[in-house]
J.: 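Quick one: the structure is below, and I'll ask about it shortly.
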Amino acid sequence: MKFTVAIDGPAAAGKGTISRAVARAFGFAHLDTGLLYRATGRKLLETGLQPEEAAKSVTPADLERDGLRTQAVAELASRVATIPEVRAALVAFQRDFAAREGGAVLDGRDIGTVICPDAEVKLFVTASPECRAERRWKELTASGQAADYAGVLDEVRKRDARDTERADAPLRPAKGAHLIDTTEMDIDQAVDAAVAIVRKALETKG
Ligand code: DC
């Protein structure tokens, strides 16, 4: 059976946690597509390849490497993600993943709009910038990274601006996407809302 769940939204809205929980609940495979952009950014720094070549050279093993989840790499990823050749070079990898047997969850910024516009379920997960910055700040501090709230909020806003204002595949809700605003929800409520939407779509598909 092929069944694709496309989950988009801004940084630190809860997409990652929701995506992993949905994948676990239904036994689907999960791809965090932000890692493709993070790995591309890192390859650029390490190899001196051109952006398009760096994106083409990304392998599944590159997505498993340590150190991809730092703020510095996120910033780099958001910059390389504005380059149309980089985005184009990463399309096939994502579509192949989405088409696998047994179901797939992909999360990112353009999954429902560009990569999988025919996904069985599209979710747009969001929260206020202040709420997302607070969550990110707590995560960073808990993992021992130095961070101040004002600085994290500033980075969230800058990344939002770059992700939503870029010309190629800007972040926005796909047609037919279910909106989940997690500002006033805890993570269990957000996961329950997403799982309920996917369950209904699976039942409808039969
Ligand atoms: O989801 P993330 O924070 O790991 O993503 C890092 C950056 O990668 C994000 O700021 C924009 C880019 N990105 C993208 O443009 N399209 C995607 N599908 C996923 C991520």
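Residue numbers start at 1 and run along the sequence shown. Start at 1 and go down the list; that is how both ligands and their atoms are numbered. Everything numeric here is computed off the predicted structure, so don't read it as measured data. Worth knowing before you read on, the calculation uses all heavy atoms, side chains too, and leaves out hydrogens, waters and symmetry mates.
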J.: Does the side chain of Y37 come under 3.5 Å of the side chain of R87 through a donor N or O and an acceptor N or O?
T.: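 Note: Y37 and R87 side chains meet the donor-acceptor criterion.
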J.: Looking only at the side chains, is there a donor atom on one of T4 and R100 sitting less than 3.5 Å from an acceptor on the other?
T.: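 No.
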J.: Ignoring hydrogens and angles, state whether a donor on the side chain of R162 or S78 is under 3.5 Å from an acceptor on the partner side chain.
T.: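 Judged by distance alone, the side chains do pair up.
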J.: Which protein residues have a heavy atom under 4.0 Å from ligand 1?
T.: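 Close residues (ligand 1, cut-off 4.0 Å): T33, G34, Y37, R38, A77, S78, A81, R87, G108, R109, D110, R159, D163, R166.
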J.: Do E120 and L202 have side chains that get closer than 4.5 Å, going by heavy atoms?
T.: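 Counting from C-beta outward, E120 and L202 never come under 4.5 Å.
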J.: Would you give the length of the straight line joining atom CD of Q94 to atom CG of L106, rounded to the nearest 0.5 angstrom?
T.: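 If I round to the nearest 0.5 Å, the distance is 6.5 Å.
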J.: Does one side chain, of D110 or T113, offer a donor that lies under 3.5 Å from an acceptor on the other?
T.: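 No donor-acceptor contact under 3.5 Å links the two side chains.
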